[in-house]
Structures are given as C-alpha cells and as structure tokens.
Amino acid sequence: MASVIIVGTQWGDEGKGKIVDLLTAYADVIVRFQGGNNAGHTIMFDGHKFILHLIPSGIFHESKKCLIGNGVVIDPSVLLQEIDNLTSKGVSVEPGKLLISERAHLIMPYHKAIDLAREAKAGKTKIGTTGRGIGPCYEDKIGRRGIKIGDILDQDLFRAKLSETLEEKNFYLEKYLSAEALSFEEIFESYLRMGERLAPYVTNVAVELEKARKQGARILFEGAQGTQLDIDHGTYPFVTSSNTVAGGACHGAGVGPTTIDEVMGICKAYTTRVGGGPFPTELSDDIGLHLRERGGEYGSTTGRPRRCGWLDGVILKEAVRLNGLSSLTITKLDVLSGLDPLKVCVAYEYEGERLDNIPGNIKVFSNLKPIYEELPGWQEDISAIKRLEDLPENCKNYLKFIEEFTGVPVNIVSVGPSRNQTIVLRNPFES
Ligand code: IMP
C-alpha cells in the first residue's frame with residue numbers, strides 16, 4: 001500500500017500517536033491534514049521527552065519528510081517553539097525535511113483571545129475547547145477573511161489583511177466579549193518576524209505530494225482528533241472545527257480520493273472524551289475511575305482528566321461508514337484486564353424505542369440509554385504478550401466481537417504504551 005490514512009474512530013485520544021510512530025518506520029512521507037495544536041502526543045526519543053502538537057513524529061527519522069497540509073491551522077509561535085526545542089536537542093528540522101503548505105491558515109492572537117473569552121462568557125453551555133483559537137481561526141477561513149502563512153511572507157498583503165480584520169476583531173473583543181483590544185503593531189511585527197523564520201519551509205504541499213507519489217513514496221496521512229469531533233458528522237456543536245474523517249485528508253492535503261489505498265481506524269478498547277457534550281456510555285463509578293487511572297486518561301494538550309466509559313459499538317460502526325475503514329487498530333486493551341464482565345454498547349434506547357444509529361438531534365443524543373451486550377472479562381496482565389494466540393481466550397473473544405459487530409478486521413492490537421507492546425497482524429505498508 002502506498003497511501004494510508006490513519007483516523008481516530010471515537011472522540012480523539014485513541015492512541016493514534018503511537019500507531020503513527022510505529023508505521024512511520026515504513027513510510028517515506030508523513031502528512032498532517034487538519035486540526036492544529038489542539039492535538040498533541042508525547043514521544044520519547046534519545047532519552048528526551050517531546051510533546052509534539054504540530055510537527056509529525058516522523059521528524060525523528062533522518063530520511064522522512066514531514067508535511068503540514070493546507071487543512072491544518074498553524075499557531076506560528078507554537079510551531080517555532082517545536083522547531084527550536086527539537087533542534088536544541090539535536091533533532092534536525094531542516095527545510096526540505098519539514099514542509100508547510102503556503103495555504104495553511106494562521107492562528108492569530110485574536111483567535112485565541114476570542115476562543116477564551118467566548119468560553120468564559122458561555123459558562124455552563126461552553127464547548128470545553130482547548131483554548132487554542134482553533135474554532136475562530138477556521139471561522140475566518142470559511143468566512144474568507146483568514147490569513148494564510150503565505151500571506152505573512154508578503155508585507156503589503158499582510159498589512160492590508162490584518163488592518164481590515166483587526167478592526168472588526170477588536171470591536172467584537174471589546175464591545176461584545178468585554179475583553180482587551182489587541183495592538184496592530186505588535187501582531188504585525190511579531191508575525192512578520194515569525195514569517196521570516198518559517199519562510200524556508202513554506203511551499204506547495206499538494207505539488208510535493210504528487211511528486212512523492214510519482215516516485216513511489218509511501219505516504220502516511222496522520223489524522224488528529226476523532227470521528228465524533230468532526231465538524232459535519234460529530235456531536236455538533238461539541239466538536240472541533242475541522243473535518244476529522246478520512247475524506248479530510250484529501251482536501252486538507254491536496255490529493256484526490258483515488259490516490260488513497262487504505263484507511264485505518266484507531267479505536268481504544270473503551271471510550272474517552274475530553275470537554276463537554278453527550279457521551280452515552282460514560283461511567284461515573286469505580287469502573288470509570290479504573291479506566292482513567294489504569295489508562296492514564298489525562299489530556300496531553302491541556303492535562304484535563306478525560307471522561308471514561310465502555311466501548312460504544314454504535315459510534316464505531318458510524319466511524320466505519322464515515323471513514324470507509326479498511327482495518328481497525330485496537331489500543332489500550334491491557335487497561336481492561338481485571339474488569340469482569342465487560343460491556344459494549346450495541347444500540348441506544350430513546351423513549352422506549354431502539355436506535356441503531358446516532359441521532360442527528362443533539363438533545364436526543366444527550367438523552368440516550370445505552371443497550372449493552374455483556375462479554376466475559378479476563379484477569380491476566382496482557383501487557384507483555386507478543387502474539388494474538390497467546391492472549392486470554394476472553395480477550396480474543398472481545399476482539400472477535402468487535403470484528404463481527406463492525407465487519408472490519410482488527411489488524412493491530414496495542415497492549416501497552418511502548419512500541420514493542422504491539423501485536424501487528426498486518427502492516428498496511430507491507431501488504
Ligand atoms: P477545539 O478543537 O479546541 O475547538 O475544542 C473542541 C472540542 O474538541 C473540545 O471538546 C476539545 O476537548 C476537543 N478536542 C480538540 N482536540 C482534541 C484532541 O486532540 N483530543 C481530544 N479532544 C480534542
């Protein structure tokens with residue numbers, strides 16, 4: 001397979017980072033296509049701990065190219081911090097190794113200010129955003145008043161765009177959100193300076209991808225967040241502001257759908273969610289606590305404790321449909337050891353009626369009762385198991401249940417955080 005997309009099937013935090021890191025060894029090019037520094041994963045390299053929010057973890061490999069596509073929203077100060085941090089620890093981030101789409105939109109200081117002030121004003125109805133300015137940045141992109149990274153390389157164009165936009169933003173910040181207005185000169189000067197530093201990385205990523213494909217490169221598209229956070233298909237309005245489904249890789253990087261060979265869905269063996277919004281299988285009891293503590297379920301971007309619950313099969317089936325999944329990876333299976341019985345939600349009940357699909361109405365979705373199927377659990381620690389056949393029988397049955405329920409094969413099983421705690425049944429780049 002030459003082009004593989006990895007997406008999250010739930011509400012993000014499925015452990016995509018580890019699987020991307022594992023498959024990066026087999027890829028030549030790694031591409032981010034949506035989201036921004038609301039995502040993040042921790043990588044250990046050469047005894048140093050790195051938290052990457054924007055740069056793909058392929059950067060640790062000498063010969064790989066890391067691309068940031070047009071669909072990503074970039075906070076240039078965060079990107080530069082990542083570049084500086086990597087460089088200071090001996091990881092090369094040369095232009096040519098890291099490439100950034102000239103069309104990627106920039107997160108501006110007013111986007112962050114608006115995100116934070118809006119959430120504060122919303123009180124109980126807040127989304128629970130990461131406060132990184134993601135939503136307001138995508139709003140401006142769609143509203144055709146966004147500033148692209150390519151724009152700040154042209155002083156006159158940048159001055160004209162910023163002065164027009166900032167007047168409106170300051171009015172909104174001061175008059176509606178009771179927040180402080182921002183200084184034109186400060187933003188203009190700092191973004192120009194950051195633009196100068198980033199200029200050598202900025203290029204046409206779609207052209208680079210076409211070149212790579214023609215040379216037979218293996219390309220890994222790395223999704224951020226998860227299917228239920230998709231702006232169109234997720235639990236709106238409790239979603240992020242980009243298309244997190246696999247189709248987003250095409251418009252977010254500039255490739256056509258016929259160039260994609262495989263879509264891998266990453267699914268945690270249970271469910272977590274961070275931020276507000278409905279979560280039918282959420283557990284607020286000891287089992288929920290077990291999942292949070294054993295699974296280390298705290299956000300890598302904001303440190304917030306994640307809400308935890310049983311695996312939701314309805315959501316998983318939805319991910320199969322929306323992403324056209326060709327395979328599944330089940331992560332954190334080891335966290336379920338010691339829980340018996342296990343429950344998987346197979347449908348919902350709403351006012352006495354059975355629902356097999358997710359309702360579009362958020363009020364209905366918020367008042368669903370999960371219908372569970374119980375499966376026997378296992379007590380054994382499975383974190384050192386290397387082969388599928390060595391897993392406890394009930395553990396194998398849990399995986400078989402997921403395959404039969406979704407109709408999609410499980411190709412990778414993760415039983416712990418390290419790379420060697422992974423059972424790979426089929427590697428998409430080797431078949
Ligand atoms: P935003 O993306 O910062 O606008 O946040 C919108 C919603 O998406 C909030 O509920 C966040 O907690 C959630 N979210 C954004 N990025 C991630 C992620 O990488 N993992 C899990 N949840 C996320």
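Computation of the quantities below employed the complete heavy-atom set of this structure, encompassing side-chain atoms and omitting hydrogens, waters and symmetry-equivalent molecules. Both ligands and their constituent atoms are indexed starting at 1 by order of listing.
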Where the closest heavy atom to atom 10 (O) of ligand 1 is concerned, which of Val274, Val239, Thr235, Val73 has it? Val274
Sorted by chain and residue number, the side chain to side chain donor-acceptor pair (under 3.5 Å) partners of Gln228 (sequence neighbours excluded) come out as none
Looking only at the aromatic ring of each residue, does the gap between the centers of Phe238 and Trp11 stay below 6.0 angstrom? no
Distance-only N or O hit between ligand 1 and Thr240, under 3.5 Å: yes
Identify, by atom number and element, the atoms of ligand 1 in contact range of Ile127, meaning under 4.0 Å from any of its heavy atoms. 10 (O)
Determine, stepwise, if the pair Phe50 / Asn85 fulfils side chain to side chain contact (heavy atoms under 4.5 Å, CB included). CA-CA 8 Å; Phe50 295 88; Asn85 187 31; 4.0 Å; yes
Quick check on contacts: which atoms of ligand 1 are under 4.0 angstrom from a heavy atom of Trp11? 21 (C), 22 (N)
Residue pairs passing the side chain to side chain donor-acceptor pair (under 3.5 Å) test where at least one lies in residues 90-99, sequence neighbours excluded: none
Among Thr130, Thr272, Thr302, Asp115, closest by heavy atom to atom 3 (O) of ligand 1 is Thr130
For Ala39 and ligand 1, answer yes if some heavy atom of the residue is under 4.0 Å from a ligand atom, otherwise no. yes
Is there a heavy atom of Phe238 sitting under 4.0 angstrom from any atom of ligand 1? no
Nearest 0.5 Å, please: how far is OH in Tyr172 from CG in Leu177? 4.5 Å
Do Lys369's NZ or CZ and the ring of Tyr350 fall within the cation-pi criteria of under 6.0 Å and 45°? no
Nearest-0.5 Å distance that lies between atom NZ in Lys332 and atom CG in Asp13: 8.0 Å
Atom 15 (C) of ligand 1: of Gln225, Gln228, Arg306, the nearest heavy atom sits on Gln225
When distances are taken from atom 5 (O) of ligand 1, the protein heavy atom at minimum range is Thr129 CA, 3.4 Å
Interatomic distance, OG1@Thr281 vs CG@Leu368, rounded to 0.5 Å, equals 11.0 Å
Of the choices Arg132, Arg304, Lys126, which has the non-hydrogen atom that lies closest to atom 12 (O) of ligand 1? Arg304
Hey, are the side chains of Phe365 and Pro280 touching, using non-hydrogen atoms and a 4.5 Å cut-off? yes
So for ligand 1, is Asp13 a polar contact partner (N or O within less than 3.5 Å, distance only)? yes
Could you check atom 8 (O) of ligand 1 against the protein and tell me its nearest heavy-atom contact, residue, atom and distance included? Leu229 CD2, 3.6 Å
Protein contact to atom 11 (C) of ligand 1 [nearest heavy atom, distance to 0.1 Å]: Gly128 O, 3.6 Å
